[in-house]
Structures are given as C-alpha cells and as structure tokens.
Amino acid sequence: MTHPPSGGSQTSRAPDPKPVPAAAPAPASAGALVPTAVPARPRAAWAVQAERLRAAATTEPGRLRIIGAVLALLVVAFGAVTTLEVSQRAAAADDVVGRSQPLSADAADVYRYLADADTTAASGFLAGAQEPRDVQARYRDDIEGAARLLVEAAAGTDADSAAGHEIATLNELLPVYTGLIERARANNRQGLPLGGAYLRYANQKMAGEMLPAAERLYAVETGRLEADSADARRWPFLSIGAGIVVLGALVWMQRRTYRRTNRVLNHGLLAATAAASVVVLWLAVGHTVARTELRSAMEHGQASLDVLNDARISSLKARANENLTLVARGAVLTADGSADQYETDYAAGMTTLKDRLEKAGRLADDANGRRPVAEAVEGASQWQARHREARATDDRGDYDGALSRVIGAEESTGQSFEQVDTALQAALAHEQVEFTSAARDGRGALRGLPNGAAVLAVLGAAAVIVGVNRRLSEYR
C-alpha cells in the first residue's frame, strides 16, 4: 500500500483547461452587404394627434371635450350658413325694392313717353299751322322724359346685355324721330301736304321700331324683377336643415348627460339650445312673412301694373291712330286695300284696351284700385261712341266737323281719351304704392336676421363650452 509522503496531506486536482481562442469573424467577401441599424422614423403630427384623441376618447372627460368641441363647431357652422343664405335672400329683396322694380317702372315710362309723344304730335298737327302751346309743351316733356330715362338706364346697364342693346337702339332712333316730326311741323306751317307724309313716316318709325324696342326693354326689366323676387322667396333649406341637425345634437347631448349623471338640466347646453331654437324660429317665421309679402307684391301689385301699363299704351296707340286717320284722309289702306289702315288699328287698340281694363278690374283688390279702373271703362265706352259720330261726320264729307269731334274743346274724343288716361294714371299710382308697400314689408321681415343669426350662433357656441366645462369640473 502506498502512502502519501510525510509532512501533510495534499488534495489532488485536475489540471486547468487550456483557454480556447475566440473564433475570428469570417472575412467579408467582396460585394457582400453588411446589415446596419435603421433609425426609427419620426411619426407624423396628425398621427400623433389621432392617437391622442383615441386615447382621450377612452375616458369620460376626453369624450366630453371632443363632443363639446363638435357641438360648438356645429352651432357656429349653423350660424354661418344661416347668415350667408339669408343675406342672399335679403339682397335679392333689396334689389326688388331698390333696383329691378324701379327699372321696370322706368322702362314702362319710356314706352308711355314715346307713345304719348307720337299721339301728341299727331294732335298738334291736326290743330293747324300754329300748334297750341300746351300741346307743344306736352310733346317736349314726353321727349325729354324718355331721353332722361334712357340716359339713366344706360348708366346702370351693361352695354352688352339685352337691355343695353334696346337702350342703344332707342337712343339712336329718338333723334331720327324728332327730326321727322320737326320736318312735318315745318311743312305744316307752310301749308304743304308733305307735312302729312313726314308725320306718317315718323309714326311708322315709332310704331314699327321704337315702340317694339321699348316693349322688349320693358320685358327684359320685368323678367329681371321676377327673377329677383323668385330668388328672395326661395326657401333657405340648407339653413333649416343645419338648424334641425344642431337642435338634434344638443338634445342628444343633454339626454346623454342626464342618463350619466341623473341631472335634468345643464344651464350651458340649455342656453345653447334656446339660442339655436330662436334662430330656427326666426328664420322660419321671417322667411314665411317675406315670401308672403313678396308674392303679394308680384301677384297683386306687379300683375296689376303690367295690365294697366298695357291698357294705357293701348289707349295712346288708339288715340294716335285716330288722329292719323284724319291726317292721312284715307291715303293709307290695309294690305288688301279694303279699309283704312289707321281706322283698323284704332279698332284693334280699343279692343285691347277694353280687354285690359276688364282684367285690371278683376285684379284690383280694394275700392281705391277699382274706382279709377271703372272710370277708365266708362271713358273708353264714351270714347268709342264719340268716335263713331266723328267717323260718320267725316264720311259725309264734313272734315271740319269731324275734326271738331276729335280735337274739339267740348264732347270730343280727345276729352274721352283724357278721361281714360287720367284714370289709368291714378290706377297705376295706386298699384305702385301697393307693390312698394308689400315689397318693403317682405324685405323688412328679413332685416336683422343675418346679423342676429351670427350673434346667437356665437353665444350658443360659448354656452356649449361653458356647459361642457361645468361638467368637466366634476372630474377634478
């Protein structure tokens, strides 16, 4: 048995392992890609905000803030839409009262001035070589009135528009017509029959070119009036729809608050609901009144004005043709040669006059409107009876007697014409007042609504914010 050496015991141990060197990295082959770390891209601002909103929407305070902001924006949008739409309706109503209807009335006056000038020129010619001063003054006033209105219309009308073309035509023809009338007068003062030819030519210029242009001008301006009135009466559907949406959203928010807190009222939301309700109610009532008044102005006032203007122009044409019957003395015949052209035109004008007077009587809606129309009907009937007497006198060869019955101072057709013209002038003045009053009432119903809607919308949005903040304070 073997023993360890003396001097102490020893513990045997295994020898330490020899360290193994770390494997060297394999050399990169030529062209091989070495992966590198890619830094994270910064996130877009909208994405960060969207994530924050999603995070906020998971809590009740966050949801309240989002709902409050949306409600406030809805109320402001409702106010903006209402202000814009009602401003457009109010501007159209302003145009009806201050622009298109006055232009329509001026166009009718241009027509009347021209027709009356033609009638007065024929009357003065029949009076003899020396025209009465009152006839000369009336003719001069008619020409000056037509020229003045044409200048005013040209200043406010686009030259390239339909109305602008008609105004230019009348401005070109007016001096031509007055020149022919002056030649007729000059020859008449000298007793030359050529004066009658110039007068007939002037009448043809008036009836064939000038009055049709004036009629087209009146039609254009009346069409503009109808378009402006229709624009003012259009329902503001966008504003009403936005108001309904806002009221629905506010009611939903208050119901949500009640269900979560068991509190019936939130003063801020209640105030916002009240403001929105006032705007919707004001919008509905104001626009209904405006529509009613503007429709009344068109259906009663303007419709009557159209018919009465037609009646007055028909009477002026008939009077001019009656005078020219005596001026021409049968020299101008119809196309078939069977009748006097001016007498035929007179009869057609009187038929139109009586038809228009009958329609005007139906449209008149009060005694003040019916009375002058009745006087005009009476005068027209008397006019026709006296005209038959004058024609019978002329047919017997008594030209001077016929002339006295047409332009004489007593029981003449001229007196009957003046009765008709005066009555129609009174009827037109009455209907003009009726139109203006109704149109102004319609415009007044919209006055203040655009600004009121804007102010109430701002107050409503502020009330929403206050109401929501009051609710948020309970979480602090």
Side-chain angles (χ1 to χ4, degrees), residues 112 114-129 131-132 135 138-139 142 177 180-181 183-185 187-188 191-211 311-355 379-421:
R112 181 186 62 78
L114 294 175
D116 190 65
D118 198 48
T119 299
T120 305
S123 298
F125 190 93
L126 286 175
E131 293 184 15
V135 174
R138 180 168 178 169
Y139 169 82
D142 286 336
Y177 172 81
L180 292 171
I181 292 297
R183 290 184 182 183
R185 285 175 170 175
N187 282 276
N188 191 40
L192 300 176
L194 190 59
Y198 274 118
L199 184 66
R200 292 194 300 272
Y201 185 41
N203 173 261
Q204 292 172 5
K205 181 71 67 175
M206 176 66 73
E209 298 181 50
M210 297 179 70
L211 290 182
R312 196 175 187 191
I313 290 166
S314 296
S315 71
L316 290 167
K317 287 181 177 180
R319 179 60 178 170
N321 286 316
E322 182 180 49
N323 292 335
L324 287 168
T325 301
L326 293 177
V327 172
R329 299 188 181 186
V332 181
L333 301 178
T334 56
D336 58 6
S338 62
D340 185 283
Q341 181 65 61
Y342 293 119
E343 179 64 20
T344 301
D345 291 342
Y346 163 82
M350 292 302 293
T351 299
T352 303
L353 170 62
K354 300 197 81 171
D355 176 71
S381 298
Q382 185 187 72
W383 183 1
Q384 287 182 304
R386 290 177 176 178
H387 177 81
R388 286 191 293 268
E389 294 175 0
R391 294 311 311 145
T393 302
D394 189 33
D395 291 341
R396 291 195 300 268
D398 185 2
Y399 178 81
D400 291 336
L403 189 63
S404 177
R405 289 181 179 275
V406 172
I407 63 172
E410 296 181 0
E411 297 184 356
S412 65
T413 59
Q415 289 180 313
S416 300
F417 162 74
E418 289 296 338
Q419 178 181 340
V420 172
D421 193 63

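A distance-only check finds a donor-acceptor pair linking the side chain of Asn188 to the backbone of Gly128 [under 3.5 Å]. Looking only at distances, no side-chain donor or acceptor of Thr120 sits under 3.5 Å from a matching main-chain atom of Ala117. Judged purely by atom type and a 3.5 angstrom limit, Gln415 uses its side chain to pair as donor or acceptor with the backbone of Ser412. No donor-acceptor distance shorter than 3.5 angstrom exists from the side chain of Thr393 to the backbone of Ala402, with no hydrogens or angles considered. In this structure, Thr119 contributes its side chain and Leu316 its backbone to a donor-acceptor pair below 3.5 Å. A donor-acceptor contact shorter than 3.5 Å links the side chain of Thr352 to the backbone of Ala348.
Under a cut-off of 6.0 angstrom, the local environment of CZ in Arg183 is sparse, with at most 12 non-hydrogen atoms contributed by other residues, nucleotides or ligands.
Using a 4.0 Å cut-off between charged nitrogen and carboxylate oxygen, Arg386 and Glu411 do not count as a salt-bridge pair. Between Glu418 and Arg138 there is a salt bridge, with a side-chain nitrogen of the basic residue lying less than 4.0 Å from a carboxylate oxygen of the acidic one. Comment: Asp421 engages Arg312 in a salt bridge, judged by a side-chain N to carboxylate O separation of less than 4.0 angstrom.
Here the side chains of Lys354 and Ser314 are not in contact, with every heavy-atom distance at 4.5 Å or above. Considering only heavy atoms from C-beta on, His387 comes within 4.5 Å of Thr413 through its side chain. Contact annotation: the side chain of Leu326 approaches that of Arg391 to within less than 4.5 Å [non-hydrogen atoms, C-beta and beyond]. Contact check for Glu322 versus Tyr342: no side-chain heavy atoms found under the 4.5 Å cut-off. By the 4.5 Å heavy-atom criterion applied to side chains, Leu114 and Asp142 are not counted as neighbours.
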* What's the verdict on side chain to side chain contact (heavy atoms under 4.5 Å, CB included) for Asn203 and Asp118, showing C-alpha distance, side-chain angles and the deciding distance? -> CA-CA 7 Å; Asn203 173 261; Asp118 198 48; 2.6 Å; yes

* Kindly indicate, with the supporting measurements, whether the criterion side chain to side chain contact (heavy atoms under 4.5 Å, CB included) is fulfilled by Gln341 and Leu333. => CA-CA 5 Å; Gln341 181 65 61; Leu333 301 178; 5.8 Å; no

* To do: Give the intermediate values and the outcome of side chain to side chain contact (heavy atoms under 4.5 Å, CB included) for residues Tyr399 and Arg329.
  => CA-CA 9 Å; Tyr399 178 81; Arg329 299 188 181 186; 3.1 Å; yes

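In terms of heavy-atom proximity, Ala320 sits nearest to Ala122 at O-CB, 4.5 Å. Smallest separation of non-hydrogen atoms from Thr325 and Asn321: OG1-O, 2.7 Å. Looking at every heavy atom in both residues, Asn323 comes nearest to Val406 through OD1-CG1, 3.5 Å. A pairwise comparison of heavy atoms in Leu211 and Ala115 identifies CD2-N, 4.0 Å as the closest pair. The two atoms that bring Met350 and Ala380 nearest to each other are CE-O, 3.8 Å, heavy atoms only. Contact between Ala184 and Leu199 at its shortest, heavy atoms only, is CB-N, 3.7 Å.
Annotation: cation-pi geometry satisfied between Arg185 and Tyr139 (NZ/CZ under 6.0 angstrom from ring centroid, within 45° of ring axis).
For the atom pair CG (Leu194) and CG (Leu192), the distance works out to 7.0 Å, reported to the nearest 0.5 Å. A distance of 8.5 Å separates CZ of Phe125 from CZ of Arg200, quoted to the nearest 0.5 Å. Rounding to the nearest 0.5 Å gives a distance of 4.0 Å between CE of Met206 and OH of Tyr177. We find the CZ-CG distance between Arg319 and Leu353 to be 13.5 Å, quoted to the nearest 0.5 Å.
Ring pair Trp383/Phe417 is perpendicular by interplanar angle, where above 60° counts as perpendicular and below 30° as parallel.
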